[in-house]
Amino acid sequence: MTVVLGSGWPGILLHEAIGHGLEADFNRKKTSAFTDRIGQVVASKLCTIVDDGTLPFRRGSLNVDDEGTPTSRTVLIEKGILKGYMTDKLNARLMGIPLTGNGRRESFQCIPMPRMTNTFMLPGESTPEEIIRSVKRGLYAVYFGGGQVDITNGKFVFSASEAYLIEDGKVTTPVKGATLIGSGPEILKKVSLVGHDLGLDEGIGTCGKDGQSVPVGVGLPTIRVDEITVGGTQA
Amino acid sequence: MRIDQNLMDELLAKAKRKGAIAADVVAVEGDSASVQVRLSAVDKLSKAREKRLGLRVYFGQRSAGASTSDLSPASLDELVETTCALAQAVVEDPYAGLPDPAALAKEWPDLDLYDRETVPMDRMIELATRTEKAALAVDPRLSNSEGAEVSTFGGRTVFANSHGFYGDYQGSSFSCAVAPIAVQDGLMQRDYWYTVGRKLSRLDSPEAVGQEAGRRTVRRLGARKIATCRVPVVFDPEIAGSFLGNLCSAVNGYAIYKGASYLVGRLGERIAPDTVTVYDDGRMPAGLGSKPFDGEGLPTRKTAIVERGILKNYLLDTYAARKLGLVSTGNAARSVGEASSAGATNFYLAPGMAAPEAIVRSVTRGLYVTELIGFGINMVNGDYSRGAVGFWIENGELAYPVEEITIAGNLKDMWRGVEEIGNDLVFRGRIASPTVKIAEMTVAGE
């Protein structure tokens, strides 16, 4: 069904659907659904997505990463084209690609790995109102619980904790327990409208990988995705 | 400093001198190691040794805890000082306090939790290499791997309190796992398999683990979506274990007294059919969750959580029990540096009579689930909605692999709808279940 994601925390979509798959370790090992796809179209032209560890006061920001590399703004997807991976020192060297300041570790007890910082989509030109008005019947998802991705087949899932039906361009009934599932390399190709209202989350995200938890940020303007499978008992 | 009864006594005495009316100390020490081998080359080696100690003190009904990994005399003096100061700064809690001295464990059996065998790194590397080789040999389409990992742990837990309790025990664990990747038509699938236990000699062989991982991975190739439907759902033992884990969270005394579980106020009521009996057994020999006494010195035991479908007990430590007007079930989980909590020991669904194959055969059209992702579970109302991977069942056979679907229902209805329980209970962790068939769930796909 057509889904409109609200601005801010729904950016967890980017974190799960494409973020993890663009961490360099999975691509060095060729275990990611994004392996060897640099330069290919993986999203609609409206999508430019960055990982930026340099934003002031943000939960995922760092002056330097946990290996001493200054953080940076890394363009992951530019106008729909896959541009780059997020690296730590080990994987940057093994792959011969630039350091991006994404080498992070939970504590001194853990080894560094490529991890996200603040991952978000740059704003577009639509207003949130016209995005909702454009939908005949769909789901307006504004808040999410956790998400997870299978890096290898690219399938991701995340659960809407606050969502409403859109009927004839209007937000109507609340929906409970909706789970969105899709394929990372495909989902962003279906983004047909991007709002001008980029929002970053309020600082609640913690990302788990290989037993290590690190604080991260996500962000999204209001976007329209033409087709996502929505699960739940009432869908 | 050596972690022994003298050290514990000394800390308890120091706390008392600072004015604490009661105190307890927990200390753990252990050595862990792991190796990861990927495509026959070592990808990661790690070794760690840790020693930590946590003190909890009571000033009347006020209490606080603190911990340290610096066991020098100066640091321990400071720990006592800080913890006592903290306790006097917090509000009173009428439910705080050590357990009744009469209830503390007096003696306990040897539960066979420790293996003296240590495994040198080169042997761990060899085991991991063999496991991965066996996995990749299953099928030529298994052309990549996330690697095989072998891990070991051996350590000791010591607990003492100001009622005169002192106890310690050793424990170990060994595990071996592999996650191969199969490629077909440019699409990849990953699955995994593992073995884990208290004793190295009781693990499945690297070859058996590898072959099962290979089989589980290859069978996922060519997975498709299916149309949205309401059908019977069969959980394989791994997934049934995760479903049982949700029950385990819902009966946790802390969730109950906070009102954050769909099972609040349901003791004595029917929550599942007669065939469902669930135990928590802290004294299972060589069990991964076994311990001779719990995190506050009470004897562990076997507790019926659900008996023939009736909810009989919550998992309780002394604090949650007092909050609820009940008695501890010996399920205090105490980790150094963390607030007290209740936790399962070995939590399992008693096996039924049906062979797993017969359960699948009983389904005309339905879903067999082998993996779940996502966190779509609401413990307060039981709503359940998660991403799933598995097989479509057609006329009692696993017809083809499926993915990118969700399954949804409500935990209350799912437990009431348990239609079949397999005879295939195997402990691969602290929570274990045989195959389970649920009468009906919503499967969302195309």
Side-chain angles (χ1 to χ4, degrees), chain A residues 1 12 16 21 25-26 28-37 90-91 94 107-113 144-161 163 175-187 208 210-211 227-235, chain B residues 32 34 36 38-39 43-46 48 50 69 143-147 149 179-183 186-191 217 220-221 223 225-226 228 230 371-378 381-389 401 403-410 413 441-446:
Chain A
M1 99 193 298
I12 185 175
E16 301 299 348
D25 46 351
F26 298 120
R28 169 175 64 84
K29 296 175 184 175
K30 301 189 185 297
T31 61
S32 163
F34 287 97
T35 300
D36 296 332
R37 294 181 78 156
L90 177 77
N91 289 288
L94 286 169
S107 76
F108 73 94
Q109 294 173 309
C110 304
I111 59 167
M113 290 187 289
F144 286 91
Q148 197 177 346
V149 62
D150 177 335
I151 301 296
T152 307
N153 63 17
K155 304 298 185 262
F156 65 88
V157 55
F158 58 131
S159 308
S161 51
V175 176
K176 66 169 187 172
T179 294
L180 276 55
I181 188 162
S183 168
E186 299 304 319
I187 193 75
D210 217 0
E227 180 60 40
I228 304 186
T229 297
V230 178
T233 45
Q234 306 177 329
Chain B
S32 55
S34 77
Q36 189 184 55
R38 182 175 168 270
L39 302 179
D43 206 58
K44 196 166 85 184
L45 289 178
S46 85
E50 69 164 358
S69 54
S143 55
N144 197 356
S145 162
E146 283 187 354
E149 191 158 323
I181 291 172
V183 187
L187 295 173
M188 296 189 286
Q189 292 290 350
R190 168 207 48 79
D191 211 310
T217 306
R220 285 175 63 161
L221 284 170
K225 283 179 89 162
I226 46 176
T228 298
R230 285 186 65 82
E371 189 167 314
L372 290 171
I373 61 171
F375 305 94
I377 300 173
N378 182 333
N381 62 19
D383 280 347
Y384 184 99
S385 171
R386 304 187 69 187
V389 164
E403 65 180 7
E404 208 179 324
I405 55 172
T406 68
I407 57 170
N410 182 287
D413 302 328
M441 291 185 74
T442 302
V443 178
E446 284 167 328

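A quick note: this is a predicted structure, and the numbers were derived from the prediction, not measured. Naming: A, B, ... by sequence-line order, numbering from 1 per chain.
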- What heavy-atom pair brings B/Ser385 and A/Ser159 nearest, and what distance separates the two atoms? O-OG, 4.3 Å
- Rounded distance (nearest 0.5 Å) linking atom CG of A/Asp150 with atom CZ of B/Arg190: 4.0 Å
- Rounded to the nearest 0.5 Å, how far apart are CD of B/Gln36 and CD1 of A/Ile111? 8.0 Å
- Query: In Å, rounded to the nearest 0.5 Å, how long is the span from CD of B/Glu371 to NZ of A/Lys155?
  - Reply: 12.5 Å
- Message: Less than 4.5 Å to any heavy atom of chain A: does that hold for the side chain of B/Ile373, its backbone, both, or neither?
- Response: both
- With only heavy atoms counted, which part of A/Ile151 is less than 4.5 Å from chain B, the side chain, the backbone, both or neither? neither
- Heavy-atom proximity to chain A below 4.5 Å, by part of B/Glu403: side chain
- Message: So for B/Asn144, is it side chain, backbone, both, or neither that comes closer than 4.5 Å to the heavy atoms of chain A?
- Response: side chain
- Item | A/Lys29 and B/Asp43: CA distance, side-chain angles, deciding distance, side-chain contact (heavy atoms from CB on, under 4.5 Å) verdict | CA-CA 11 Å; A/Lys29 296 175 184 175; B/Asp43 206 58; 3.5 Å; yes
- Separation between CE (B/Met188) and OG1 (A/Thr152), nearest 0.5 Å, reads 5.5 Å
- Can you name the closest pair of heavy atoms from A/Val230 and B/Ala444 and give their distance? O-CB, 3.8 Å
- Query: Between atom CG of A/Asn153 and atom CD of B/Gln189, what is the distance when rounded to the nearest 0.5 Å?
  - Reply: 4.5 Å
- Message: Quick check on B/Ile405 against chain A: is it the side chain, the backbone, both or neither that has a heavy atom closer than 4.5 Å?
- Response: backbone
- Per side-chain contact (heavy atoms from CB on, under 4.5 Å), A/Ile181 is matched among B/Lys225, B/Glu404, B/Arg386 by B/Glu404
- Message: Between A/Ala33 and chain B, with a heavy-atom cut-off of 4.5 Å, which part of the residue counts as in contact: side chain, backbone, both or neither?
- Response: backbone
- Cut-off 4.5 Å, heavy atoms of chain B, and the answer for A/Ser161 is neither
- Query: When heavy-atom pairs shorter than 4.5 Å are enumerated against chain A, which of B/Val389, B/Ile181, B/Val443 gives the highest number?
  - Reply: B/Ile181
- Note on the structure: Note: vs chain B, highest number of non-hydrogen pairs under 4.5 angstrom among A/Ala160, A/Gly154, A/Gly147 is A/Gly147
- Task: Go through the atoms of B/Ser145 and report whether side chain, backbone, both or neither lie under 4.5 Å from a heavy atom of chain A.
- Result: backbone
